[in-house]
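Notes to accompany the following structure.
A quick note: this is a predicted structure, and the numbers were derived from the prediction, not measured. Start at 1 with the first residue, then count along the sequence.
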Amino acid sequence: MDALERIKKQVTDNPIIVYMKGTPDFPQCGFSARVVQALKACDVPFAFVNIFEDEEVYRALPKFANWPTFPQLYVKGELIGGCDITLDLYQSGELQKMLAEAVGKKAA
(Lines give C-alpha, C1' and ligand atoms only; values in the text may rest on other atoms or scores of the structure.)
Protein backbone atom coordinates (compact mmCIF):
# COMPACT_ATOMS: atom_id res chain seq x y z
CA MET A 1 0.00 0.00 0.00
CA ASP A 2 1.54 3.33 -0.99
CA ALA A 3 1.41 6.50 1.12
CA LEU A 4 -1.65 7.97 -0.63
CA GLU A 5 -3.59 4.74 -0.11
CA ARG A 6 -2.56 4.70 3.58
CA ILE A 7 -3.71 8.29 4.04
CA LYS A 8 -7.05 7.53 2.34
CA LYS A 9 -7.53 4.53 4.66
CA GLN A 10 -6.61 6.59 7.75
CA VAL A 11 -9.03 9.42 6.97
CA THR A 12 -11.76 6.90 6.11
CA ASP A 13 -11.24 4.69 9.18
CA ASN A 14 -11.03 7.54 11.74
CA PRO A 15 -13.93 9.97 12.18
CA ILE A 16 -11.48 12.62 13.41
CA ILE A 17 -7.78 12.56 12.56
CA VAL A 18 -5.08 15.19 12.67
CA TYR A 19 -1.80 14.99 10.81
CA MET A 20 0.61 16.89 12.97
CA LYS A 21 4.21 17.53 13.90
CA GLY A 22 4.73 15.45 17.04
CA THR A 23 2.05 13.87 19.21
CA PRO A 24 -0.87 15.29 21.20
CA ASP A 25 1.17 14.87 24.39
CA PHE A 26 4.34 16.29 22.82
CA PRO A 27 3.52 18.56 19.87
CA GLN A 28 6.60 19.72 18.02
CA CYS A 29 5.27 22.98 16.63
CA GLY A 30 3.01 25.70 17.94
CA PHE A 31 0.38 25.26 15.25
CA SER A 32 0.02 21.54 16.01
CA ALA A 33 -0.16 22.36 19.73
CA ARG A 34 -3.01 24.83 19.22
CA VAL A 35 -5.02 22.42 17.08
CA VAL A 36 -4.61 19.68 19.70
CA GLN A 37 -5.73 22.11 22.44
CA ALA A 38 -8.90 22.86 20.48
CA LEU A 39 -9.57 19.16 19.85
CA LYS A 40 -9.03 18.27 23.51
CA ALA A 41 -11.32 21.12 24.58
CA CYS A 42 -14.08 19.56 22.44
CA ASP A 43 -13.80 16.39 24.56
CA VAL A 44 -14.02 13.88 21.72
CA PRO A 45 -11.64 11.07 20.83
CA PHE A 46 -9.39 11.71 17.85
CA ALA A 47 -6.64 9.90 16.02
CA PHE A 48 -3.35 11.45 15.01
CA VAL A 49 -0.40 10.78 12.77
CA ASN A 50 3.00 12.17 13.67
CA ILE A 51 4.27 13.16 10.24
CA PHE A 52 7.86 13.06 11.51
CA GLU A 53 7.52 9.30 12.01
CA ASP A 54 6.33 8.55 8.47
CA GLU A 55 8.39 10.24 5.77
CA GLU A 56 6.15 8.91 2.98
CA VAL A 57 3.00 10.35 4.55
CA TYR A 58 4.84 13.63 5.24
CA ARG A 59 5.67 13.94 1.54
CA ALA A 60 2.34 12.64 0.17
CA LEU A 61 -0.15 14.46 2.40
CA PRO A 62 0.12 17.88 0.71
CA LYS A 63 -0.70 16.18 -2.61
CA PHE A 64 -3.58 14.19 -1.09
CA ALA A 65 -5.68 17.23 -0.24
CA ASN A 66 -3.87 19.96 -2.16
CA TRP A 67 -3.03 21.59 1.19
CA PRO A 68 0.66 22.42 1.67
CA THR A 69 0.98 22.96 5.42
CA PHE A 70 0.66 21.05 8.69
CA PRO A 71 -1.25 20.33 10.80
CA GLN A 72 -4.16 19.04 8.75
CA LEU A 73 -7.46 18.15 10.41
CA TYR A 74 -9.86 15.69 8.76
CA VAL A 75 -13.41 15.04 9.95
CA LYS A 76 -15.44 12.23 8.42
CA GLY A 77 -12.97 11.93 5.55
CA GLU A 78 -12.95 15.63 4.64
CA LEU A 79 -10.13 18.09 5.09
CA ILE A 80 -11.26 20.81 7.48
CA GLY A 81 -8.04 22.78 7.32
CA GLY A 82 -5.03 23.79 9.32
CA CYS A 83 -4.51 25.74 12.50
CA ASP A 84 -6.22 29.04 11.63
CA ILE A 85 -9.37 27.42 10.22
CA THR A 86 -9.59 24.97 13.14
CA LEU A 87 -9.26 27.76 15.71
CA ASP A 88 -11.81 29.95 13.90
CA LEU A 89 -14.28 27.05 13.88
CA TYR A 90 -13.60 26.40 17.57
CA GLN A 91 -14.15 30.04 18.53
CA SER A 92 -17.42 30.15 16.60
CA GLY A 93 -18.65 26.90 18.19
CA GLU A 94 -18.85 25.10 14.85
CA LEU A 95 -15.93 22.77 15.57
CA GLN A 96 -17.59 21.41 18.70
CA LYS A 97 -20.77 20.60 16.77
CA MET A 98 -18.87 19.11 13.84
CA LEU A 99 -16.74 16.85 16.04
CA ALA A 100 -19.63 15.77 18.26
CA GLU A 101 -21.61 14.77 15.18
CA ALA A 102 -18.61 12.90 13.72
CA VAL A 103 -18.38 10.65 16.79
CA GLY A 104 -22.13 10.41 17.40
CA LYS A 105 -22.07 12.47 20.58
CA LYS A 106 -24.57 15.11 21.55
CA ALA A 107 -23.04 18.60 21.27
CA ALA A 108 -22.63 20.42 24.56
Side-chain angles (χ1 to χ4, degrees):
M1 182 180 310
D2 74 8
L4 289 173
E5 290 169 334
R6 281 203 322 273
I7 293 166
K8 183 171 179 63
K9 182 169 175 27
Q10 290 166 342
V11 300
T12 302
D13 290 352
N14 295 285
I16 304 166
I17 187 167
V18 61
Y19 290 87
M20 62 182 290
K21 294 178 178 178
T23 67
D25 293 330
F26 189 67
Q28 295 180 348
C29 88
F31 298 115
S32 291
R34 289 196 287 278
V35 167
V36 166
Q37 283 178 327
L39 292 173
K40 286 182 175 180
C42 293
D43 195 31
V44 293
F46 62 92
F48 73 94
V49 173
N50 178 353
I51 60 166
F52 290 144
E53 291 182 349
D54 192 330
E55 181 77 19
E56 290 179 351
V57 167
Y58 177 73
R59 293 189 185 284
L61 195 59
K63 296 177 195 118
F64 179 77
N66 198 23
W67 192 267
T69 60
F70 301 99
Q72 292 185 16
L73 175 63
Y74 291 79
V75 177
K76 293 171 73 175
E78 281 189 51
L79 173 67
I80 301 305
C83 182
D84 291 344
I85 293 170
T86 301
L87 295 181
D88 287 348
L89 289 169
Y90 177 76
Q91 290 169 352
S92 74
E94 287 301 308
L95 186 66
Q96 296 86 324
K97 293 175 195 166
M98 184 186 307
L99 299 183
E101 181 183 300
V103 296
K105 180 178 174 183
K106 204 167 200 169

Taking C-beta and beyond as the side chain, do [X] and [Y] meet within less than 4.5 Å on heavy atoms?
X: L39; Y: L73; answer: yes
X: L95; Y: D88; answer: no
X: F46; Y: P24; answer: yes
X: Y19; Y: V11; answer: yes

Donor-acceptor pair, distance only, cut-off 3.5 Å: does the side chain of S32 make one with the backbone of K21?
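Yes; judged by distance alone, with no hydrogens or angles, the pair exists.
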Looking at E55 and F52, would you say the former's side chain and the latter's main chain have a donor-acceptor pair under 3.5 Å?
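No; judged by distance alone, with no hydrogens or angles, the pair does not exist.
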Selection residues 60-80 - residue pairs positive for salt bridge (Lys or Arg N to Asp or Glu O under 4.0 Å), sequence neighbours left out
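Matches after skipping sequence neighbours: K76-E101.
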Where at least one partner belongs to residues 35-50, residue pairs that pass salt bridge (Lys or Arg N to Asp or Glu O under 4.0 Å), sequence neighbours excluded:
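Matches after skipping sequence neighbours: D25-K40, D43-K105.
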So does E5 pair up with K8, basic N to acidic O under 4.0 Å?
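No, E5 and K8 are not salt-bridged.
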Might you confirm whether atom CG of D13 has over 12 heavy atoms from other residues, nucleotides or ligands at distances under 6.0 Å?
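Result for CG/D13: enclosed.
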Tell me, yes or no, whether the heavy-atom count around F64 atom CZ, taken from other residues, nucleotides or ligands under 6.0 Å, exceeds 12.
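Count over threshold, so yes.
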Qualifying residue for side chain to side chain contact (heavy atoms under 4.5 Å, CB included) with F48, from V18, V36, I16
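Exactly one option meets the side chain to side chain contact (heavy atoms under 4.5 Å, CB included) with F48, and it is V18.
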